[in-house]
Amino acid sequence: MGMYINSSIPYAVYKEILLDPYFVDKSSLIDELIPVLGKRDRYICITRPRRFGKTVMAAMIAAFFGTAGPEGDGSLFDHLEIASSKNYAAHLHKHPVIYIDFSRTPETCSSYLSYISRIINGIKEDLLDAFPTLSIDPAKPLWDMMQYIFEKTKSRFIFVLDEWDAVFHMPFLSKKDQAEYLLFLKNLLKDQIYAELAYMTGILPIAQYSSGSQLNMFVEYDMAGSEKFCEYFGFLNTEVDRLYHAYLHTASQKKITRQDLRNWYDGYHTATGKRLYNPRSVVLALTDNQLRSYWTSAGPYDEIFYYIRNNIDSVRDDLALLAAGEHISAKIGQFTAVSMELETREQIYSAMVVYGLLTYEDGEVFIPNKELMDKYNELLLSKDSLGYVYRLAKKSEIMLRATINGDTKTMEEILQFAHHTEAPILSYNNETELSAVVNLCYLAARDSYRIEREDKAGKGYVDFIFYPQGKHLDGIILELKVDSTPQEAIRQIKEKQYAFRFQGTLAEKNKLTCRILAVGISYSKKTKEHHCKIEILHEPSQ
């Protein structure tokens, strides 16, 4: 066992993961890799947003195939799904594995040479230890040493390469260094008979960095466009059901509902149409018994603004719609533009989908869940370069206060302010555009309310329902009308019994001790005026 070859680390890491009370068995992925061992299509690259299980899967694969398995009888995998495969016994702990985590660097690393030398010299040392009877010349290139070993022993290696693109984010790398790194991977893997399988993971597609043929032997599988392997990264709805069942049996004080998990962490879509939850966030929320942004706190998520700031004019109106929960039509292709050269709307959205900042389905991008929506709200409230979007968002605290106080005059003034920004989105050709603006005007409400749009309520669908997330807050039902009246909006709220939606949602927690307000907002295309009306639908008994 060495640092890279047949390392015991992946097995130990996966054993630790297996003991987690919220473990999800994704071992069937291994059964899809076994058929390609030693075949021409044995080069696989999986790209996913960070914290979507890439490293867990890499450790699992290395632990399964590698010979650094259990010291006694049995294996970590004996009770997992892969154990039912007909190929299980033939491959469990039967292959030499070279496992490289490219995110790890030498101590005080300041150059590409010191970075790559650590990897090359480490593998060479492991080869010398693993094949002591062979006359291996360590002065020769690594690939020549491995070719020699194959010729003498017919030994073939499984390469598991985690975070292969981490090196491109290291500050000490120059463009020349990046080219040398790609050449290193090409020489190590491409058409090398000793490579029985090359399984590689990263965030960005290979085309992001390699414009030539260095790594064209890899078949890439991303989350938005590739159907194969889609269910192994992220949690499926049924898997979250099982985790939540475990939570109900272990948590002493149950603070999280199943709907909470759906609102906060669901919403990603695969190419097969399956919905995915963010796995890190679900596990941490259940472990901590607290809903909050776990995934977005694990990285520099001001990068949301980084991706849009170079083309604000093209995406600003879309941003207002996205923050309102709307879906935006977009052509999402393979993200090939380098990150510093995002010039078009499509390139920006493609990058944001790759990073998990948006999700994509049926030709549309949208914000997947509350965890990310909160970050977009934070962005809208903090970036004055967003122009009218920022100005409307800053008015949102006043708008909420005016609504609760029944101050329709102030509400109408804020909506008129929105109209006078002369933003293209404010043409109000339909209620979708009006709802986007209203959403901005109520942005601050998301700190104390769970806001749902077009929610099934009573006998129909309501534009907005504000569910209070604390005591002494009013519930709000908000209906929008274009070329109609706020009275008509109020009439619809009553007639379709939208207030029934609060029963069962608030009854257990607040026993309907809050007021429920019906809010009607209208806009006239002819007069260019907004009108508002507020009625109390429910007054708590004293």
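The first residue of the sequence shown is numbered 1, and numbering continues consecutively from there.
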* Test item: Val167 and Ile116 side chains (from C-beta on) under 4.5 Å apart, heavy atoms -> no
* To do: Using distance alone, with no hydrogens and no angle criterion, decide if Ser75 and Asp78 have a side-chain donor and acceptor under 3.5 Å apart.
  => no
* Report the relative orientation of the aromatic rings in Tyr294 and Tyr265; use parallel for angles under 30°, tilted for 30 to 60°, perpendicular for over 60°. => tilted
* Ala323 backbone acceptor or donor facing Asn439 side chain under 3.5 Å -> yes
* Asked: So Tyr181 and Trp164, would you call those rings parallel, tilted or perpendicular, with 30° and 60° as cut-offs?
  -> parallel
* **Heavy-atom side-chain contact between Arg345 and Ile328 under 4.5 Å** => yes
* To do: Quick one: which residue pairs count as a salt bridge (charged side-chain N to carboxylate O under 4.0 Å, His left out) with a foot in residues 95-121, not counting sequence neighbours?
  => Asp101-Arg104
* Can any side-chain N or O of Tyr112 pair as donor or acceptor with the backbone N or O of Lys176 at less than 3.5 Å? -> no
* Structure fact -> Applying side-chain contact (heavy atoms from CB on, under 4.5 Å) to Asp144 and not counting sequence neighbours gives Lys140, Pro141
* Taking the six-membered ring for Trp, are His95 and His91 parallel (under 30°), tilted (30 to 60°) or perpendicular (over 60°)? -> parallel
* To do: Keeping the roles fixed (side chain from His93, backbone from Phe64), state whether a donor-acceptor pair exists under 3.5 Å.
  => yes
* Asked: What class does the angle between the rings of Tyr194 and Phe159 fall in, given that below 30° is parallel, 30 to 60° is tilted and above 60° is perpendicular?
  -> tilted
* Short question: side chain of Lys124, backbone of Pro138 - any donor-acceptor pair under 3.5 Å? -> yes
* **Neighbour count above 12 (heavy atom, 6.0 Å) for Lys86 NZ** => no
* Structure fact -> From the list Ile120, Leu127, Asp126, side-chain contact (heavy atoms from CB on, under 4.5 Å) with Tyr4 holds only for Asp126
* Find out whether Asp260 and Tyr244 are in side-chain contact, i.e. whether some heavy atom of one side chain is under 4.5 Å from a heavy atom of the other. => no
* Name the orientation class of the two ring planes belonging to Phe131 and Phe157 (parallel below 30°, tilted from 30 to 60°, perpendicular beyond 60°). => perpendicular
* **Tyr115-Asp177 side chain donor-acceptor pair, cut-off 3.5 Å** => no
* To do: Please answer whether the main-chain N or O of Gly66 pairs with a side-chain N or O of Asn6 as donor and acceptor at a distance below 3.5 Å.
  => no
* Expected output: side-chain Ser329 to main-chain Glu364 donor-acceptor under 3.5 Å -> no
* Met57 side chain near Ile46 side chain, heavy-atom distance below 4.5 Å -> no
* Asked: So Ile367 and Lys375, side-chain contact (heavy atoms from CB on, under 4.5 Å) or not? Walk me through it.
  -> CA-CA 10 Å; Ile367 301 171; Lys375 287 299 177 182; over 6 Å; no
* To do: Check the pair Ile44 / Val219 against side-chain contact (heavy atoms from CB on, under 4.5 Å), numbers first and verdict last.
  => CA-CA 5 Å; Ile44 293 171; Val219 180; 5.5 Å; no
* For atom NZ of Lys15, is the number of surrounding heavy atoms from other residues, nucleotides or ligands below 6.0 Å larger than 12? -> no
* ring pair (Phe, Tyr, Trp, His ring centres under 6.0 Å) partner of Tyr221, the single match among Phe229, Tyr199, Tyr43, Phe233 -> Phe229
* **Charged tip of Lys152 within 45° of Phe150 ring normal and under 6.0 Å** => no
* To do: Give a yes or no on whether a salt bridge exists between Asp191 and Lys186, defined as a side-chain N under 4.0 angstrom from a carboxylate O.
  => no
* Just say parallel, tilted or perpendicular for the rings of Phe23 and Tyr14, cut-offs at 30° and 60°. => perpendicular
* Asked: Does a side-chain N-to-carboxylate-O contact under 4.0 Å join Arg258 and Asp241?
  -> yes
* Would you check, one step at a time, whether the test side-chain contact (heavy atoms from CB on, under 4.5 Å) holds for Tyr247 with Asn289? => CA-CA 9 Å; Tyr247 164 79; Asn289 201 17; 2.4 Å; yes
* Thr47 to Ile203 - nearest heavy-atom pair and separation -> CB-O, 3.6 Å
* Among Glu32, Glu81, Glu231, Glu239, which residue meets the salt bridge (Lys or Arg N to Asp or Glu O under 4.0 Å) test with Lys26? -> Glu239
* Asked: Has the side chain of Asn369 got a donor or acceptor atom that lies under 3.5 Å from a matching backbone atom of Gly267?
  -> no
* May I ask you to check whether over 12 heavy atoms, not counting those of Ile17, lie within 6.0 Å of atom CD1? => yes
* Arg51 side chain to Pro279 backbone, donor-acceptor under 3.5 Å -> no
* Does Met223 offer a backbone N or O that forms a donor-acceptor pair with the side chain of Ser226 under 3.5 Å? -> no
* **Whether Lys54 side chain and Pro49 backbone form a donor-acceptor pair below 3.5 Å** => yes
* Any side-chain heavy-atom pair of Leu379 and Leu319 under 4.5 Å -> yes
* Asked: Going by heavy atoms in the side chains, are Phe52 and Asn278 under 4.5 Å from each other?
  -> yes
* **Leu37 side chain near Ile158 side chain, heavy-atom distance below 4.5 Å** => yes
* Could you tell me whether the side chains of Lys274 and Asn237 share a donor-acceptor contact shorter than 3.5 Å? => no
* Just wondering, do Met146 and Ile98 contact through their side chains at under 4.5 Å, heavy atoms? -> yes
